[in-house]
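Numbers restart at 1 for each chain; the letters A, B, ... are given by sequence-line order, proteins then strands.
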There are 2 protein chains.
Amino acid sequence: MKKKSKTTIHDIANKLGITASTVSRALNNHPRISENTKKLVMETAKEINYKPNQIAVALRNGRSKLIGITVPTVNRNFFSSVVRGIEAFVNKRGYKVIISQSYDDYEKEKETINALLDARVDGIMVSIGKQTKDLSHFQSVINKGIPLVFFDRVNHELPVSQVVINDRKAAYQLTKHLIQQGYRKIAHFTSATKINIYAERLQGYLDALTEHGIAINPDLIMESNMQLEDGKECVQRLLDKGMGFDAIFSSSDYGIVGAMQTLRKYNVRIPQEVGLAGFGNEPFTEFTSPALTTVDQVSIPMGEETAKMFFDLMENDPYQKYPKKIVLEPRIIIRESSLRQ
Amino acid sequence: MKKKSKTTIHDIANKLGITASTVSRALNNHPRISENTKKLVMETAKEINYKPNQIAVALRNGRSKLIGITVPTVNRNFFSSVVRGIEAFVNKRGYKVIISQSYDDYEKEKETINALLDARVDGIMVSIGKQTKDLSHFQSVINKGIPLVFFDRVNHELPVSQVVINDRKAAYQLTKHLIQQGYRKIAHFTSATKINIYAERLQGYLDALTEHGIAINPDLIMESNMQLEDGKECVQRLLDKGMGFDAIFSSSDYGIVGAMQTLRKYNVRIPQEVGLAGFGNEPFTEFTSPALTTVDQVSIPMGEETAKMFFDLMENDPYQKYPKKIVLEPRIIIRESSLRQ
DNA sequence: TCCGTACATGCAATCGATTGCGCACAAATC
DNA sequence: GATTTGTGCGCAATCGATTGCATGTACGGA
């Protein structure tokens, strides 16, 4: 067991009989340091296994090279993939990522944002939680001049740059697909429509119905928290009320799987009697039988774009005077659950 | 838009006409500071919205209050839940977590460990990647006296404390259950058995067969990477070879779902003709039809125990002279896929 | 009145790396 | 030969918080 070896530039300096200043400059390839000295410093650094103390660097430079990410939960294919996209991109530029989860809880979200601020991250990327009403915690990020980017679940009241997908278009296309498959009484499962993504998806659904001259039946639009159980419940309610429906488009894959389970219990044939479509391209949508039609939210590219946006903000516009918005095109994935022709 | 407000203890000191030393001591509740001064300092701190610069604190104290976690991927219910358990526990003590993913790649794992070391984390928690052969990157963590804890996918060559579940027992119980359901020709899907968890699970499977006097058929033990596609392939191979089998116990939920899909293609009835059981309690095991029998790996408790272990190491034995091992009891979840009686 | 003691606070170094300024010496220019 | 220009490096301050030691004051006891 060796001692806690903490080699510093001073160790290198002592070994070579020069000062720490020179070592620092040599390591940073400063033009006023001779090639010879640089070589010596580099060699010695390697020899004594020197690693810069990032904390000291951070204190001195005011940059921690840490980026904070807050998502509702990392336990969702979409979010974990976005994080992966972000990570891959920022790692290349020497940044590390702190991931924190809000669990869709407002208080917890505030806490995580403050914790990230405490940790002196250089930037924050957020997908807003479902419960979040007040936005002052984000405002204080902006006030501090720390680059902030929203992705997927965003908010338009604050001047914050954002990366989203074209939810409305995806919902429109998917609904249109259902119509083309001959479904006419299409139900829609949605969540709190104060959240941008659900509002957009609902709108896309309405667009398609309207375009095809199908009357909108408000009773077929069910709002819930969109978890598995909610999906079951919503279908149950539709059945109980004797509401005729021949398809369901759910804004969440969890909701549609729940629906599927309940329908199966009643021996409803899918897709012959009822067509199903979800949203999110969770891996399990491929596992069900029949496999579920869904929408891929291009998570990796979204992560990359979010990261790019951060660097752009940091370099050009930390106070977000000119918020930008990037809209990515989602990808419709048609599977058996909605194919009856 | 306000200026980048960076309030320091000096701002408080100036405002009150005292020195930063006094402010620091007041904030840390030092006994030699008068109650009156403390009160004034606290009030002023609140007033100007002072937040300690954790980076400066970290530099001075040599503790960053950051903990690094490396997992193969966060996009797995088990790992993300363990992380959640760790997070909940360490947050209570003022620590934050940096999550990094190795994607089961050896080089990437080394990189992440080094990156965490660079970030000067106070401790590291790891679930080892599948490809990892060499362990020198972990050795250097130990050498630096940084507390290291392995969980789930561990290694016994290094003197490192660890938290695992009783994989062998779970596999034994599950296999026994299959036997009790009348299955006799039970196949086992496993992954590289140099990895502790797969070796243990295989052993538990063998234990149960032996105990019940069932001959072990090596052709029924299939090794693969255990993803969805691997599961399909393994079943296909069994079918092609005309291997008689009436049940499959897979060491991964992904493998068993793949198997299920292929079996369904051949109209094999589950669980009547073939019983299925997986491992991991991924959420989707509940969604399939029939729902899948599996094993819950008590992820949240595992995270908590891992965190406890870290604090214990930090306070008592950072060089891990006396590695400990905690074994948690997993929970068997019996569902339709293995119930034919 | 003198001294020891407790109490409240200040001074200055420290953690490790960075950087503006300045100094010494050499080479180039007139 | 005198002056300018350039090169290579050291000094010391800085980032913000912490802490060992020193200082100053008040108070009680002798």
Side-chain angles (χ1 to χ4, degrees), chain A residues 3-42 44-45 48-66 94 117-122 144-145, chain B residues 3-42 44-45 48-66 94 117-122 144-145:
Chain A
K3 273 272 143 155
K4 192 164 196 158
S5 60
K6 33 174 180 180
T7 61
T8 73
I9 49 171
H10 294 98
D11 299 326
I12 301 179
N14 287 335
K15 221 162 190 264
L16 294 175
I18 55 180
T19 61
S21 321
T22 305
V23 175
S24 172
R25 280 191 259 253
L27 291 170
N28 290 303
N29 203 25
H30 191 286
R32 297 285 284 271
I33 300 296
S34 74
E35 288 306 320
N36 187 40
T37 306
K38 282 182 189 169
K39 224 183 89 192
L40 280 172
V41 169
M42 300 293 192
T44 315
I48 66 174
N49 194 28
Y50 166 78
K51 298 273 181 191
N53 184 329
Q54 294 302 336
I55 292 182
V57 176
L59 176 59
R60 172 67 220 224
N61 299 346
R63 291 179 301 109
S64 64
K65 292 268 194 173
L66 287 175
L117 252 22
D118 276 357
R120 294 302 209 262
V121 295
D122 291 342
K144 286 186 164 52
Chain B
K3 270 273 141 150
K4 191 165 196 159
S5 61
K6 33 175 180 182
T7 62
T8 73
I9 50 171
H10 294 98
D11 299 326
I12 302 179
N14 288 334
K15 219 160 191 278
L16 294 175
I18 56 180
T19 61
S21 320
T22 306
V23 174
S24 172
R25 280 190 260 254
L27 291 171
N28 290 303
N29 203 25
H30 192 286
R32 297 286 283 274
I33 299 295
S34 72
E35 287 306 321
N36 187 40
T37 306
K38 281 182 191 170
K39 224 184 88 191
L40 280 173
V41 169
M42 300 292 191
T44 316
I48 67 174
N49 193 30
Y50 166 79
K51 297 272 178 190
N53 184 330
Q54 294 302 338
I55 291 182
V57 176
L59 177 59
R60 173 66 219 221
N61 299 346
R63 291 179 302 106
S64 64
K65 293 268 195 173
L66 286 176
L117 251 23
D118 276 357
R120 293 307 209 257
V121 294
D122 291 342
K144 285 186 165 51

Exercise for review: Mind listing the closest non-hydrogen atom pair of A:Arg120 and B:Lys51 along with its distance?
Suggested key: NH2-O, 3.9 Å
Review point. For A:Ala58 and A:Ser64, which heavy atoms make the closest approach, and how far apart are they?
Key: CB-CA, 3.7 Å
Point to revise | Side chains of A:Leu117 and A:Lys144 in contact at under 4.5 Å (non-hydrogen atoms) | key: yes
Check your understanding: Just checking B:Ile18: base, sugar-phosphate only, or nothing, at a heavy-atom cut-off of under 4.0 Å?
Key -> sugar-phosphate
Exercise for review: For A:Thr8, answer base if it contacts any base atom (sugar-phosphate contacts may also be present), sugar-phosphate if it contacts only those atoms, and nothing otherwise; contact means non-hydrogen atoms under 4.0 Å.
Suggested key: sugar-phosphate
**Study point:** N/O (side chain, A:Thr37) to phosphate O (OP1/OP2, D:dC9) under 4.0 Å
**Key:** yes
Exercise for review: Determine: side-chain N/O of A:Ser34 to OP1/OP2 of D:dC9, distance under 4.0 Å, yes or no.
Suggested key: yes
Output yes when a side-chain donor or acceptor of [X] lies under 3.5 Å from a complementary backbone atom of [Y], and no otherwise.
| X | Y | answer |
| --- | --- | --- |
| A:Lys38 | A:His30 | yes |
| A:Asn14 | A:Asp11 | no |
| B:Thr44 | B:Ile12 | no |

Review point. Hey, is the side chain of B:Arg32 pairing donor to acceptor with the base of D:dG20 inside 3.5 Å?
Key: no
Check your understanding: A:Leu16 CG to D:dG8 P: how many Å, rounded?
Key -> 17 Å
Check your understanding: What is the distance from CZ of B:Arg25 to C1' of D:dA22, rounded to the nearest Å?
Key -> 11 Å
**Study point:** Chi angles and distances behind the side chain to side chain contact (heavy atoms under 4.5 Å, CB included) call for A:Leu66, B:Leu66
**Key:** CA-CA 12 Å; A:Leu66 287 175; B:Leu66 286 176; 4.3 Å; yes
**Study point:** Nearest-nucleotide comparison on DNA chain C, the residue closer to the 5′ end among B:Arg120 and B:Lys38
**Key:** B:Lys38
Review point. When you match A:Tyr50 and B:Ile33 each to their closest nucleotide on DNA chain C, which lands nearer the 5' end?
Key: B:Ile33
Practice item. Tell me which of A:Ser21 and A:Pro31 sits closer to the 5' end of DNA chain D, going by the nucleotide each one is nearest to. Key: A:Pro31
Exercise for review: Would you work out how much the helix from C:dT1-D:dA30 to C:dC30-D:dG1 bends between its ends, with each end axis defined by five base pairs, to 10 degrees?
Suggested key: 60°
Review point. Distance only, no hydrogens: is a donor on one side chain within 3.5 Å (strictly under) of an acceptor on the other, for B:Ser24 and B:Ser21?
Key: no
Study note, to complete from the structure: With a 4.0 Å cut-off (strictly under) to non-hydrogen atoms of chain A, the first and last hit nts on DNA chain C, 5' to 3', are C:dG16 to C:dG20
**Study point:** Sole candidate of B:Val41, B:Asn53, B:Thr22, B:Leu27 that passes side chain to side chain contact (heavy atoms under 4.5 Å, CB included) when paired with B:Ile9
**Key:** B:Leu27
